[in-house]
Amino acid sequence: MIKVAPSILSADYVNLQRDIEMVDKGGAELLHIDIMDGAFVPALSYGPGWVKAIKPITGLTLDVHMMVQNPERYIDTFADAGADIIGVHTEATPHIHRALQMIKNKGVKAEVVINPGTPVAAITPVLYMVDQVLVMTVNPGFGGQKFLPETVKKIAELNDIKKHQGLDFDIEIDGGVNEKTVVDAYQAGATVAVAGSYVFDADDPVSRIQALKDATK
């Protein structure tokens with residue numbers, strides 16, 4: 001059964017605590033927090049103050065996805081704010097090993113992220129040091145996009161590497177996730193599903209969390 005990470009990018013900011021408490025009680029395991037700088041992706045979003053404010057109101061794992069250029073500038077700040085996992089894009093820095101090392105040095109779980117156009121081969125040298133790999137199943141920066149089915153092959157490739165090398169990392173998917181698209185991804189090896197609009201735009205968000213879990217039993 002897949003673990004679910006609702007993305008607060010689609011939550012009601014005015015009633016954010018209510019929405020977080022709802023998905024927490026509804027069976028979510030993580031809370032996905034998208035950090036966007038207006039450069040690596042066109043959109044802008046939260047700063048470390050959001051993470052610091054969210055940390056005391058939930059027991060969910062705070063999964064911070066940094067869609068920013070040169071993430072090394074912000075790793076320590078987000079770690080200190082309370083991030084449990086910090087994800088950095090291999091496309092966003094020429095020093096992905098150093099960025100991941102910085103995360104680990106702060107006692108935080110490290111995640112490497114790849115865009116749809118980036119091959120798994122780009123991150124194989126650092127897979128031994130990560131706790132999670134995020135495969136973007138849409139192009140990053142905007143919610144509500146359709147799942148790209150060709151990304152399932154990358155999930156399967158990562159899962160094979162994981163098994164053959166005896167590694168232990170979660171494989172997370174992000175983008176276009178629903179009760180149908182999650183099935184192929186889960187069967188290929190995905191263990192965590194980020195869901196934003198699918199959960200928070202629904203009349204009953206909790207039922208959507210359960211639908212993802214039921215689809216991957």
Side-chain angles (χ1 to χ4, degrees), residues 5 7-10 30-52 54 61-145 147-148 150-151 153-155 157-158 161-162 167 169-177 190 192-194 196:
S7 170
I8 64 167
L9 194 62
S10 298
L30 301 87
L31 194 68
H32 195 75
I33 304 174
D34 288 308
I35 309 302
M36 300 185 285
D37 65 352
F40 182 68
V41 292
L44 284 167
S45 69
Y46 329 100
W50 283 76
V51 176
K52 187 175 182 180
I54 290 169
T61 297
L62 300 188
D63 178 22
V64 174
H65 174 196
M66 296 180 66
M67 290 178 272
V68 303
Q69 294 282 20
N70 303 121
E72 300 93 330
R73 295 175 295 164
Y74 306 109
I75 285 169
D76 287 355
T77 304
F78 277 100
D80 292 342
D84 297 302
I85 303 170
I86 295 178
V88 291
H89 279 257
T90 191
E91 306 90 355
T93 173
H95 304 292
I96 188 62
H97 186 283
R98 182 169 68 192
L100 294 168
Q101 201 170 48
M102 288 176 67
I103 298 168
K104 300 293 280 187
N105 287 345
K106 293 294 289 186
V108 175
K109 290 185 176 181
E111 171 187 77
V112 64
V113 190
I114 52 173
N115 284 335
T118 302
V120 169
I123 59 169
T124 51
V126 297
L127 289 177
Y128 76 95
M129 65 191 299
V130 303
D131 301 284
Q132 188 161 280
V133 177
L134 172 52
V135 176
M136 291 301 300
T137 46
V138 299
N139 284 297
F142 299 98
Q145 299 182 63
F147 184 92
L148 296 171
E150 60 267 30
T151 58
K153 292 180 181 178
K154 291 202 285 189
I155 298 165
E157 186 179 352
L158 278 164
I161 293 170
K162 179 179 169 180
L167 300 174
F169 52 79
D170 276 309
I171 301 174
E172 184 175 58
I173 57 171
D174 183 2
V177 172
V192 183
V194 176

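Just so you know, these numbers use all the heavy atoms, side chains as well, and skip hydrogens, waters and symmetry mates.
More than 12 non-hydrogen atoms from other residues, nucleotides or ligands lie less than 6.0 angstrom from NZ of Lys104. No more than 12 heavy atoms of other residues, nucleotides or ligands lie within 6.0 Å of NZ in Lys52, so this atom counts as exposed by the packing criterion.
Here the CG-CD distance, from Asp174 to Gln145, works out to 9.5 Å after rounding to the nearest 0.5 Å. Here the CG atom belonging to Leu31 is positioned 6.0 Å from the CG atom belonging to Leu62, to the nearest 0.5 angstrom. Summarising the geometry, atom CG belonging to Leu148 is positioned 11.5 Å from atom CD1 belonging to Ile173; distances are rounded to the nearest 0.5 Å. Glu150 CD to Thr137 OG1: the interatomic distance, rounded to the nearest 0.5 Å, is 10.0 Å. Annotation: the span from Met136 atom CE to Thr118 atom OG1 amounts to 11.0 Å, rounded to 0.5 Å. How far CE of Met102 is from CD1 of Ile75: 4.5 Å, rounded to the nearest 0.5 Å.
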Could you give the side-chain donor-acceptor pairs of residues 36-48 under 3.5 Å, partners two or more places apart or in another chain?
from	atom 1	to	atom 2	distance (Å)
Asp37	OD1	Ala39	N	2.8
Asp37	OD1	Phe40	N	2.8
Asp37	OD2	Gln69	N	2.8
Ser45	OG	Asp34	O	2.6
Ser45	OG	Met36	N	2.8
Tyr46	OH	Ile8	O	3.1
Tyr46	OH	Leu9	N	3.2
Tyr46	OH	Tyr13	OH	3.0

Could you pull out all donor-acceptor pairs under 3.5 Å where a side-chain atom in residues 105-114 meets a protein atom, sequence neighbours excluded?
from	atom 1	to	atom 2	distance (Å)
Asn105	ND2	Gln101	O	3.3
Lys106	NZ	Asp80	OD1	2.8
Glu111	OE2	Gln132	NE2	2.6

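Counting all heavy atoms, side chain and backbone alike, Pro125 lies closest to Ala121 at CD-O, 3.8 Å. Listed here is the closest heavy atom pair of Pro94 and Asn70: CD-ND2, 4.3 Å. Counting all heavy atoms, side chain and backbone alike, Gly82 lies closest to Val51 at C-CG1, 4.0 Å. In terms of heavy atoms, Pro71 sits closest to Ala92 at CD-O, 3.8 Å. Taking every heavy atom of both residues into account, Ser7 and Val194 meet most closely at CB-CG1, 3.9 Å.
Exactly one residue among Asp170, Val130, Leu30, Val192 makes a side-chain contact (heavy atoms from CB on, under 4.5 Å) with Ile85. That residue is Leu30. Between Val120 and the choices Val133, Ile155, Val135, Leu158, the side-chain contact (heavy atoms from CB on, under 4.5 Å) rule is met once, by Leu158.
For the pair Glu91 (side chain) and Asn115 (backbone), a donor-acceptor distance under 3.5 Å is present.
Between Arg73 and Met66 there is no side-chain heavy-atom pair separated by less than 4.5 Å. Using a 4.5 Å heavy-atom threshold, the side chains of Ile96 and Ile123 count as separate. Side-chain contact between Phe78 and Ile35: present, with at least one pair of heavy atoms (C-beta onward) separated by less than 4.5 Å. Contact of the His32 side chain with the Glu172 side chain is registered, since non-hydrogen atoms from C-beta on lie closer than 4.5 Å. Inter-residue side-chain proximity for Val88 and Thr93 is flagged as unmet; no heavy-atom pair is nearer than 4.5 Å.
Ring planes of Tyr128 and His97: tilted class, angle from 30 to 60°.
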- Query: Going through the checks in order, is the side chain to side chain contact (heavy atoms under 4.5 Å, CB included) test met by Ile33 and Trp50?
  - Reply: CA-CA 9 Å; Ile33 304 174; Trp50 283 76; 5.5 Å; no
